[in-house]
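Below is one structure, written out as structure tokens; comments come after it.
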Amino acid sequence: MKSLGIDRVVNFPFPSPPDQVALEAAERLLVLLDAVERPRQVGRRPKKDGGGSGDQYCGSITSQGRQMAQFGLHPRFAKMLLLAQQRGVLPLAICVVAALSVDQLFVQPDEKGLHARVTQLRKAWAGQGESLLLGDIMVLLKAVGASAFATRDASFCVRHGLRAQAIREVQQLRKQLTDIAAALFKTQLPLDLEPPSVDDVKQLRRVVVGGCPDQVAHRIDVETDGKKRRRSYQTELLEEPVFLHPDSVLAAETPEFVVFQELAESTSSTYMRGVSAAEPSALAMLCPQMCRFDKPAEDPPPRWDAAKGIVVCHRTASFGRCGWSLPSTEVEYPAGLERFKWFARFLLDGKVSLALAQFTGILLASPVVMTKSWARLQPRTESMIQAIAGSNVDSQSKIEAKWKEDRQFLLKEYCLWLPEAVHPKVREMWPPL
């Protein structure tokens, strides 16, 4: 509905109105996934029922949200596909998403001997090392991949504890998603998959984290009977502890952080299904909306990430309402005046534009002064900061776009840092694209 321009979905006149709490929860998830803009916090009107702000859930769809809507999937899965495209594992992620989108891929074998064989097979599919850390998601990936090469073997699904109809639905959905993704990203995508490399698996783990920012659990210890300590997990969703399902290939591993696909209740406990291990650093990188970050660290200092074209820094953080501590992680420098200063410093240092590196040895002042507390007291630094901040330029993509729009952008400010003798040469080669 957001993609159709209906921003205030909670006020839409549905013939049979859905639960408003569910609608608001859905919008909060879309904000977490960067599919919908976070509503501004000013000028909000209280709802008639006193339940909060009527403007709290009226964010507009983002460009990323429009891409996600093309897939016709649950937003979590659509976000996974966008992240997979960025990380070079899209065909593998399509396979995972197709498997997650179909219910009851596995059946529980009745025969005791067959049950034991299927359990061992799933452990073999999970593998070891990085592969095992992908957990139940790796089992799904291997199951779908293996079934694709056994289409003529009618007994394959029975022997491997798979539901034949579900496998057919997964393969059909794979084909549909591959066609949609190929058209959306304007690329060729294979249907036949090679076994994933170690790096592929690591990227898939991060893709899963990025699609489930609110379905993260942290391992804790719960005391039972006053003596024994039972491994359990705390989630953002529930107050009581939850546990890894006994059928999970990670049940014996108990990683510190995990991402789950669903919660299932039994008579005595709540279990997580579809579990994979999550890197603490990935939580900070891929779920920033769930984190409360400390100030950027001074040691190590911020640096220019040439691959991403942004200023990055190290920050510690706590995750979610539970405040789980995350280690220092390299993330994008927070927006604001200081980021503009660091961007200007790296520009002068020849890191943003390699064409300017030839002038770094003859600068009239060190680029380091751009990030000093007294930087704005000097005319040349103040001029540079005003120009960059005034045009909201703090990344590679933004400055290149600005130079295409205005070829003289920053020429005057940059020349203030150089001897007049080289000004003609600078003017001749400007902009330094």
Side-chain angles (χ1 to χ4, degrees), residues 80 83-84 87-100 105-109 113-150 156-157 159-162 167 170 190 192-212 215-221 230-233 242-262 271-283 285-286 326-327 329:
M80 290 182 193
L83 290 173
R87 295 175 176 273
V89 289
L90 183 55
L92 292 168
I94 287 175
C95 188
V96 168
V97 164
L100 290 172
L105 194 65
F106 294 100
V107 296
Q108 198 69 21
L114 180 57
H115 181 274
R117 289 198 302 273
V118 169
T119 299
Q120 288 302 314
L121 177 63
R122 292 175 187 174
K123 289 181 179 179
W125 275 342
Q128 297 295 323
E130 196 70 40
S131 177
L132 177 59
L133 293 177
L134 186 55
D136 302 328
I137 305 301
M138 175 56 83
V139 176
L140 290 176
L141 180 61
K142 290 288 186 69
V144 174
S147 65
F149 287 96
F156 177 86
C157 288
R159 289 185 286 108
H160 293 79
L162 299 170
I167 289 294
V170 169
D192 295 333
L193 298 179
E194 296 293 329
S197 66
V198 172
D199 186 63
D200 288 340
V201 175
K202 183 176 290 188
Q203 297 305 326
L204 280 174
R205 286 177 60 201
R206 294 172 178 173
V207 163
V208 173
V209 168
C212 304
Q215 293 187 170
V216 175
H218 180 236
R219 190 185 66 222
I220 57 175
D221 287 320
R230 185 182 179 192
R231 293 286 181 151
S232 62
Y233 284 82
V242 300
F243 302 88
L244 293 169
H245 195 277
D247 288 342
S248 172
V249 293
L250 287 175
E253 304 298 324
T254 59
E256 181 183 6
F257 287 96
V258 297
V259 179
F260 59 89
Q261 297 303 313
E262 64 175 344
Y271 292 101
M272 297 178 288
R273 289 183 175 275
V275 177
S276 60
E279 301 168 278
S281 59
L283 297 176
M285 288 188 296
L286 296 167
L326 301 179
T329 305

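Position 1 is the first residue of the sequence, and the numbers go up from there. Since the structure is predicted, the reported quantities are computational estimates derived from the model, not experimental observations.
- Nearest heavy atom pair, residue V144 against residue S147, reads O-OG, 2.8 Å.
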Margin query: Run the side-chain contact (heavy atoms from CB on, under 4.5 Å) test on L83 and R206 for me, step by step, so that the C-alpha distance in whole Å, both residues' side-chain angles and the decisive distance to 0.1 Å come before the verdict.
Written below: CA-CA 9 Å; L83 290 173; R206 294 172 178 173; over 6 Å; no

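- To the nearest 0.5 angstrom, L250 atom CG is 8.5 Å from L134 atom CG.
- Distance check, rounded to the nearest 0.5 Å: CG of L105 to CD1 of I167 gives 4.5 Å.
- In this structure the side chain of F243 never reaches within 4.5 angstrom of the side chain of S248, judged on heavy atoms.
- With hydrogens and angles disregarded, no donor-acceptor distance shorter than 3.5 Å links the side chain of H160 to the backbone of L162.
- In this structure, W125 CH2 and L132 CG are separated by 15.5 Å, a value rounded to the nearest 0.5 Å.
- Closest approach of L244 and A251 over heavy atoms only: CD1-CA, 4.0 Å.
- Put simply, CD on Q203 and OG on S197 are 9.0 Å apart, with the number rounded to the nearest 0.5 Å.
- Among all heavy-atom pairs drawn from L286 and G210, the shortest one is CB-CA, 4.2 Å.
- Panel note: side chain Q215, backbone F260; a donor-acceptor pair is recorded below 3.5 Å.
- To the nearest 0.5 Å, atoms CG (L140) and CZ (R122) are separated by 9.5 Å.
- Checking each of I137, V170, V208, D136 against L100 for a side-chain contact (heavy atoms from CB on, under 4.5 Å) leaves exactly one that passes, namely I137.
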Next item on the list: Go through V275 and H245 one step at a time and tell me if the side-chain contact (heavy atoms from CB on, under 4.5 Å) criterion holds.
Entry: CA-CA 9 Å; V275 177; H245 195 277; over 6 Å; no

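- Between L326 and F257 the shortest heavy-atom distance is CD2-CZ, 3.9 Å.
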Next item on the list: For H218 and E256, run side-chain contact (heavy atoms from CB on, under 4.5 Å): C-alpha distance rounded to whole Å, both residues' side-chain angles, the deciding distance at 0.1 Å, then the answer.
Entry: CA-CA 6 Å; H218 180 236; E256 181 183 6; 3.4 Å; yes

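- Nearest approach of M272 to A217, heavy atoms of both residues: SD-CB, 3.7 Å.
- G135 and V249 get closest at one heavy-atom pair: C-CG2, 3.4 Å.
- Rounding to the nearest 0.5 Å places CE of M80 at 10.5 Å from CG of L204.
- Contact annotation: the side chain of E194 never approaches that of P91 to less than 4.5 Å [non-hydrogen atoms, C-beta and beyond].
- The closest donor-acceptor contact from the side chain of S131 to the backbone of A126 lies under 3.5 Å.
- Contact check on R205 versus E130 returns a salt bridge, with a Lys/Arg side-chain nitrogen under 4.0 Å from an Asp/Glu carboxylate oxygen.
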